[in-house]
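Worksheet: one structure, shown below.
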Amino acid sequence: MLHHLTSTVVRIHQDHTLAMSTTTSTPLTTKQPRIAIIGGGPGGLVLLLTLLRRGISATLYEREADYNSRAHLGGMLDLEYDSGQRALRENGLEDAFKKHGRRDAEAMKMTDKHGAPFFEKAGGDPSDDNLKGARPEIDRRVLRQILLDALPDKTAIKWGHGLASIRALGDGTHSLTFSNGLLVTTDIVVGADGARSRVRPLLSSAPLEYLGLAGVEISLAPPIAALPENADIRAGVGRGSCYAVQDGRMLGFQLNGDGRIRAYAWHAGPVDWALPADPAAAKRALLALYDGWAPWMRRLIELADEDAIFPRTLFQLPAGHRWAHTPGVTLLGDAAHLMGPFGTGANLAMMEGLDLGLVFAEAIGKGASVEERETAVAEWEEKMFPVAAKFAEQGAQGMQWIMNPQSPEELAQGYKDLVAEPYA
């Protein structure tokens with residue numbers, strides 16, 4: 001979401017990845033394990049695509065009714081070459097990403113509450129085809145569509161299947177019960193079901209921790225954002241992202257590919273902080289919270305889509321979250337290591353979806369025993385834990401800079417130091 005702030009120098013070492021063919025293969029004729037993926041976010045979809053393209057059968061269960069559900073939700077994702085982009089490249093989607101990725105949206109600026117910039121970064125050249133070192137932005141909904149379109153078997157996704165409960169059967173298999181009454185038994189279940197994962201309790205009792213930041217997501221619908229009288233809002237946001245920080249509060253803005261301008265408003269507050277349910281009253285409360293901020297920022301609040309005001313109070317899993325390997329079940333993405341929005345969660349989830357898929361494909365493709373397959377998954381988990389911890393550490397640093405009482409000065413210096421520091 002807001003990972004520009006800390007991900008500039010984060011790179012993932014590739015020595016733990018498996019070298020396997022990226023071409024589509026026909027389904028294996030040997031008996032395959034029953035694989036269930038819970039959750040259709042970027043990580044779950046990459047895992048499904050990685051498996052299907054390599055001839056491994058799997059089914060993804062998604063609680064949303066269909067692929068159009070909540071299509072207006074979710075902002076931009078900047079995909080890094082060695083993680084998010086790699087997950088697309090190794091599944092034959094490099095050209096699709098080049099077509100839809102937005103180099104100009106790499107533009108980013110940081111301002112104080114009056115809109116005075118103290119850091120600016122230009123966007124990339126849209127005509128530059130070399131993406132090494134680049135982080136093109138892509139709207140979450142567009143990324144999802146690219147992944148869905150690439151699936152060899154569209155029936156592998158079961159829409160409208162929210163996981164209600166999961167039960168270990170004692171032999172490494174699990175019984176899944178869905179909200180629509182469907183009962184499924186699996187040999188492998190992967191929880192890619194986000195912050196409130198229903199799969200995670202099988203592996204970990206770790207509670208979610210409140211980050212101390214309460215807030216909401218608001219946005220300007222594309223027709224409103226495009227009005228001539230709102231030119232100053234468009235100019236304030238720019239072609240990519242703008243982060244206004246001061247007094248322990250932040251307004252983070254994004255220009256999405258469809259013209260929608262999205263804003264995230266966070267401030268230090270109690271976990272039970274909430275806006276009034278009435279949209280007009282909610283806007284008044286936000287305007288009071290951001291009293292004295294730049295006129296264009298306040299007008300964005302006044303004009304915000306009243307059908308698109310969503311709570312975005314921030315939580316995380318404990319730093320260094322891990323679990324002892326349990327046969328037949330694992331986690332990826334936010335289900336495994338929920339972190340604040342100042343990290344690179346989407347890139348990490350997509351990389352994990354790819355790498356876990358390659359682990360399964362190699363083990364199943366060579367006819368490994370259940371014990372050998374589980375050993376391979378356990379090894380993948382052990383390699384994943386420290387990588388996720390590094391991402392979380394970077395994200396936590398970014399949040400400290402953002403909410404420091406000395407910001408925007410603290411954020412500006414911290415970001416400059418981060419960019420200048422060579423990555424080891």
Side-chain angles (χ1 to χ4, degrees), residues 1-11 42 71-89 93-111 115-147 217 219-228 230-245 251-264 294 296-297 300 341-342 344 346-347 350 398 412 415-416 418-419:
M1 183 186 299
L2 303 177
H3 25 273
H4 277 297
L5 301 179
T6 58
S7 59
T8 301
V9 298
V10 175
R11 297 292 183 266
H72 65 288
L73 294 183
M76 301 189 303
L77 302 170
D78 59 314
L79 299 190
E80 199 268 339
Y81 188 79
D82 289 328
S83 51
Q85 288 186 50
R86 173 177 159 256
L88 299 179
R89 283 198 309 276
L93 294 175
E94 181 175 16
D95 288 342
F97 181 67
K98 287 182 177 180
K99 177 181 177 180
H100 294 283
R102 297 167 54 215
R103 292 299 310 275
D104 59 341
E106 294 177 70
M108 186 265 285
K109 58 184 172 181
M110 304 175 189
T111 78
F118 56 88
F119 180 89
E120 294 188 73
K121 179 172 73 74
D125 181 357
S127 65
D128 186 356
D129 204 38
N130 182 5
L131 300 185
K132 287 187 177 180
R135 305 183 67 91
E137 297 277 1
I138 188 168
D139 288 5
R140 185 179 288 270
R141 63 176 182 82
V142 176
L143 176 62
R144 179 165 74 168
Q145 193 61 58
I146 289 173
L147 292 168
E217 173 189 334
S219 62
L220 284 188
I224 304 301
L227 291 173
N230 292 329
D232 61 336
I233 297 178
R234 297 193 300 274
V237 174
R239 295 298 302 166
S241 302
C242 172
Y243 306 102
V245 181
L251 285 172
F253 305 95
Q254 297 179 343
L255 175 62
N256 293 164
D258 62 357
R260 181 177 290 271
I261 297 179
R262 204 173 300 273
Y264 301 90
W296 69 264
M297 299 178 191
L300 186 148
F342 311 113
T344 52
N347 281 289
M350 293 174 68
Y415 187 82
K416 291 173 183 176
L418 183 65
V419 172

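The closest donor-acceptor contact from the side chain of Gln254 to the backbone of Gly75 lies at 3.5 Å or more, if one exists at all. With Glu137 contributing its side chain and Leu255 its backbone, the two residues share no donor-acceptor pair below 3.5 Å. Although no hydrogens or angles enter the test, the distance criterion places no donor-acceptor pair under 3.5 Å between the side chain of Asp104 and the main chain of Gly123. Not one N or O on the side chain of Arg86 forms a donor-acceptor pair closer than 3.5 Å with the backbone of Glu80.
Counting only heavy atoms from C-beta outward, the side chains of Phe97 and Arg89 never approach each other to under 4.5 Å.
With sequence neighbours excluded, no residue satisfies side-chain hydrogen bond (donor to acceptor under 3.5 Å, both in side chains) with Arg102. Every residue meeting the salt bridge (Lys or Arg N to Asp or Glu O under 4.0 Å) condition with Glu94, not counting sequence neighbours, appears here in chain and number order: Lys98. Every side-chain contact (heavy atoms from CB on, under 4.5 Å) that Asp258 has, sequence neighbours left out, goes to Asp139, Arg141, Pro222, Asn256, Arg260. For the salt bridge (Lys or Arg N to Asp or Glu O under 4.0 Å) test, no residue two or more places apart in sequence or in another chain qualifies with Asp125. Shown here are the side-chain contact (heavy atoms from CB on, under 4.5 Å) partners of Lys132, two or more places apart in sequence or in another chain: Tyr81, Asn130. Qualifying side-chain hydrogen bond (donor to acceptor under 3.5 Å, both in side chains) partners for Gln145, counting only residues two or more places apart in sequence or in other chains: Asp149.
The two atoms that bring Leu79 and Gln85 nearest to each other are O-NE2, 2.9 Å, heavy atoms only. Considering every non-hydrogen atom in both Gly259 and Ala225, the closest pair reads O-CB, 3.5 Å.
Remark: Arg239 CZ is loosely packed, at most 12 non-hydrogen atoms of other residues, nucleotides or ligands lying under 6.0 Å away.
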